[in-house]
Amino acid sequence: MTQVLESAHAVGAFTGQHIIAEVQGVKAKRLNDELFLRDVMAAALTEAGATVLDITSKRFDPQGVTVLVLLSESHASLHTYPEVGSAFMDVFTCGRRADPERAARLIAEALKAPVVQLKAIRRGVQ
């Protein structure tokens with residue numbers, strides 16, 4: 001039991017925070033711009049203290065983009081629906097160094113989203 005408690009404070013602690021978000025009221029052009037979305041995700045995650053390892057994305061026909069970001073701390077994703085001006089976002093980081101809520105808010109800010117709904121889920125040992 002002592003080992004579990006001690007490891008909760010270590011760099012590789014079994015703890016994390018998962019942010020699930022929706023944004024609405026975003027211009028379709030922003031939600032359909034794959035390169036812009038990749039840049040926004042990378043910048044926001046880095047500013048929030050996460051370590052970006054890789055980014056992959058796909059623009060769909062006739063519209064919509066999915067961006068997946070592999071983080072040293074876990075992952076982030078964005079799935080856009082330009083036809084309704086909305087997107088789903090998911091940011092999960094393990095440990096305590098990165099701030100996934102800040103990342104989600106920075107992404108929403110870059111999208112100029114007037115409506116942002118966030119739900120935070122604490123995971124692992126707190």
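Below, all heavy atoms of this structure are taken into account, side chains as well, without hydrogens, waters or symmetry copies. Residues take their numbers from the sequence shown, with the count starting at 1.
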**Asked** Run the side-chain contact (heavy atoms from CB on, under 4.5 Å) check on Arg97 and Glu73 step by step: do they pass?
**Response** CA-CA 9 Å; Arg97 195 184 89 195; Glu73 299 80 8; 3.1 Å; yes
**Prompt:** For Val91 and Ala103, which heavy atoms make the closest approach, and how far apart are they?
**Reply:** CG1-CB, 4.3 Å
**Prompt:** For the residue pair Gly25 and Pro114, what are the closest heavy atoms and their distance?
**Reply:** O-CD, 3.3 Å
At what distance, to the nearest 0.5 angstrom, does [atom1] of [X] lie from [atom2] of [Y]?
X: Leu118; Y: Ile19; atom1: CG; atom2: CD1; answer: 6.0 Å
X: His79; Y: Lys58; atom1: NE2; atom2: NZ; answer: 14.5 Å
X: Phe92; Y: Ile121; atom1: CZ; atom2: CD1; answer: 9.5 Å
X: His75; Y: Leu45; atom1: NE2; atom2: CG; answer: 10.5 Å
X: Glu22; Y: Lys119; atom1: CD; atom2: NZ; answer: 11.0 Å

**Item:** Listed partners of Ser86 passing side-chain hydrogen bond (donor to acceptor under 3.5 Å, both in side chains), at least two apart
**Value:** none
**Asked** Looking at residues at least two apart in the chain, or sitting in another chain, which of them share a side-chain hydrogen bond (donor to acceptor under 3.5 Å, both in side chains) with Asp33?
**Response** none
**Message:** Test: salt bridge (Lys or Arg N to Asp or Glu O under 4.0 Å). Region: residues 75-94. Which pairs qualify, not counting sequence neighbours?
**Reply:** none
**Prompt:** Would you say the side-chain atoms of Thr80 and Arg30 include a donor-acceptor pair closer than 3.5 Å?
**Reply:** no
**Prompt:** With distance as the sole criterion, is a donor-acceptor pair present between the side chains of Gln17 and Thr93 under 3.5 Å?
**Reply:** no
Do [X] and [Y] land in one hydrophobic cluster if side-chain heavy atoms of ILVMFWY residues count as linked below 4.5 Å?
X: Val40; Y: Val52; result: yes
X: Leu68; Y: Leu31; result: no
X: Val26; Y: Leu106; result: no
X: Tyr81; Y: Val67; result: no
X: Leu71; Y: Leu37; result: yes

**Message:** Phe36 vs Leu111, test: side-chain contact (heavy atoms from CB on, under 4.5 Å). Steps then yes/no.
**Reply:** CA-CA 10 Å; Phe36 167 75; Leu111 293 174; 3.9 Å; yes
**Request:** Could you go through the side-chain contact (heavy atoms from CB on, under 4.5 Å) check for Met41 and Leu78 one step at a time?
**Result:** CA-CA 8 Å; Met41 295 282 288; Leu78 183 70; 3.9 Å; yes
**Message:** Whether Glu109 and Arg105 form a salt bridge (side-chain N of Lys/Arg under 4.0 Å from carboxylate O of Asp/Glu) is what I want to check.
**Reply:** no
